[in-house]
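Position 1 is the first residue of the sequence; numbering continues from there.
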Amino acid sequence: MTLTLGLMMLGTLIMAVAPPYEVAGVAGALIILLSRLIQGFSAGGEFGTATAFLIETAPHKKAFYSSWQVASQGASMLLASAFGYFLTTGLSQEALESWGWRVPFFVGLLIGPVGLYIRAKLEETEEFISTAKEKSPLGTLFVQHYGRVLAAVATIGVATISIYMILYMPTFAVTNLKIPADAAFLGGISAGIITLCGVPLVGHLADRIGPARVMTYAAVAAFVLAYPLFKLMTSKPSVIVMVIVIAVLGVIMSFYFGPLPALLSNLFPAAIRGSGLSVAYNVGVTLLGGIAPLVLTWLLDVTGSLDAPSLYYMAIAVISLLGLVVVRKRYGQR
């Protein structure tokens, strides 16, 4: 976990000090690409290790404790959107493009040393220490538990596509519906607040009735509401409607993503839990969320309908529902 945080700090620092295109030309763009790759590697390794640590450390209410991993993402969404809003409204376009965009990255670096200090003092969990170690965790994972990996990948769908849709909706509204650019950040602020405050409550609910059951209800809601939400957005485009739509997506994401860490952790034995979580999460995010920009652009071009992105959301909801059926029926997750 210390390594992933260090990599995130490095990627953020490179982003903050990267020379502009006017100075470095193509090299400047490549430096930005490098910083994003480093941040991506960090984020990819963070979910599995941090989630496994939270689950194994929690004495009880494991879904509640692990849900804070998701709630922290809500905090980052809130802060990022708030920075975007205030910088966009408070600075001229010239100032924003020359130096203003760097401010959030420098601010983000301030928390790094605190995180490194805390993680340097952490010890391995008792469950992990007492568990017999695997010589090849990845080999064991793919040979003996490939079914669990595939099921876990499917269940990640609604979580990753909901996050993407929350981030995509403001751009969609500005580009296609002529919503003011500065107002687009308000949707992210609302979704961030909902996630930060709501996810721990959902985690508490998941401890009572089971993560899979909560996620099933949320996946059904995603399937049922996807088209009406986009239809409302395209037929009555306004800042208020956009914020309402994104807020609803935030609620769906909170009910689905909040219990997800606990569900995935329960799928894998302690000896390979970190590897299982990391592989399943990164494969799921890449396959189901990473290709979303290409799929959504293709759907808009082929159909000519601004409501078309909802079809992809609905398709991912079906995949996640199938995955939830498998983890409940075959692997006994409640």
Side-chain angles (χ1 to χ4, degrees), residues 1 43 46-77 122 125-128 131 145 148-149 151-163 191-222 249-282 284-285 317 320-334:
M1 291 193 296
E46 173 75 7
F47 181 86
T49 53
T51 301
F53 185 86
L54 285 170
I55 286 289
E56 294 171 7
T57 304
H60 52 80
K61 297 183 178 179
K62 294 185 180 294
F64 170 75
Y65 282 100
S66 62
S67 71
W68 284 98
Q69 210 276 358
V70 180
S72 66
Q73 297 186 36
S76 64
M77 187 186 301
L122 294 175
T125 64
E126 293 183 7
E127 182 177 355
F128 180 80
T131 301
H145 303 284
R148 295 175 184 268
V149 173
V153 167
T155 62
I156 289 165
V158 170
T160 185
I161 195 60
S162 294
I163 292 177
I193 293 174
I194 290 171
T195 305
L196 175 60
C197 300
V199 161
L201 299 177
V202 176
H204 180 70
L205 175 64
D207 279 318
R208 295 182 58 187
I209 69 174
R213 182 177 298 180
V214 175
M215 292 168 62
T216 299
Y217 295 147
V220 171
L249 291 174
V251 172
I252 293 173
M253 186 196 74
S254 296
F255 273 89
Y256 193 91
F257 203 175
L260 179 64
L263 177 75
L264 296 180
S265 297
N266 291 335
L267 271 177
F268 300 103
I272 59 167
R273 182 171 291 140
S275 298
L277 285 167
S278 296
V279 169
Y281 183 76
N282 285 291
V285 169
S320 289
L321 283 169
L322 293 175
L324 287 167
V325 170
V326 173
V327 299
R328 296 182 73 174
K329 300 297 184 181
R330 182 169 181 177
Y331 299 113
Q333 301 298 313
R334 68 184 187 94

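- Ring geometry, Y65 versus H60: the interplanar angle exceeds 60°, so the pair is classed perpendicular (tilted spans 30 to 60°).
- Taking every heavy atom of both residues into account, R273 and S265 meet most closely at NE-O, 3.1 Å.
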Give the intermediate values and the outcome of side chain to side chain contact (heavy atoms under 4.5 Å, CB included) for residues L263 and L324.
-> CA-CA 10 Å; L263 177 75; L324 287 167; 4.0 Å; yes
Begin with the C-alpha distance, continue with both residues' side-chain angles, and end with the deciding distance and a verdict on side chain to side chain contact (heavy atoms under 4.5 Å, CB included) for Q73 and F257.
-> CA-CA 11 Å; Q73 297 186 36; F257 203 175; 3.7 Å; yes
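- When the side-chain contact (heavy atoms from CB on, under 4.5 Å) test is applied to S162, the partners found at least two apart in sequence or on another chain are V158, I252, M253, Y313.
- The minimum heavy-atom distance between V327 and A151, with the atom names listed, is CG1-CB, 3.7 Å.
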Side chain to side chain contact (heavy atoms under 4.5 Å, CB included) between R328 and T216, intermediate numbers included | CA-CA 10 Å; R328 296 182 73 174; T216 299; 3.3 Å; yes
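- Counting heavy atoms from C-beta outward, L321 and V220 have side chains that approach closer than 4.5 Å.
- Between Y331 and R148 the shortest side-chain heavy-atom distance falls below 4.5 Å.
- A donor-acceptor pair under 3.5 Å is absent between the side-chain atoms of S320 and the main chain of A317, judged by distance alone.
- I55 is not listed as a side-chain neighbour of P261, based on a closest heavy-atom distance of 4.5 Å or more.
- In this structure, CG on L277 lies 8.5 Å from CG on L267, to the nearest 0.5 angstrom.
- When every heavy atom of V149 is checked against every heavy atom of A280, the shortest pair comes out as O-CB, 4.3 Å.
- Environment of CZ in R330: sparse, with no more than 12 heavy atoms of neighbouring residues, nucleotides or ligands closer than 6.0 Å.
- A donor-acceptor contact shorter than 3.5 Å is absent between the side chain of T160 and the backbone of G157.
- What you find for F53 and T57 is that their closest heavy atoms are O-OG1, 2.6 Å.
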Kindly indicate, with the supporting measurements, whether the criterion side chain to side chain contact (heavy atoms under 4.5 Å, CB included) is fulfilled by I156 and Y256.
-> CA-CA 9 Å; I156 289 165; Y256 193 91; over 6 Å; no
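- To the nearest 0.5 Å, the span separating CG on L260 from OG on S67 amounts to 11.5 Å.
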Could you give the side-chain donor-acceptor pairs of residues 195-214 under 3.5 Å, partners two or more places apart or in another chain?
residue : atom : partner : partner atom : Å
T195    : OG1  : A191    : O            : 2.8
D207    : OD1  : K62     : N            : 3.4
D207    : OD1  : A63     : N            : 3.0
D207    : OD2  : F64     : N            : 2.9

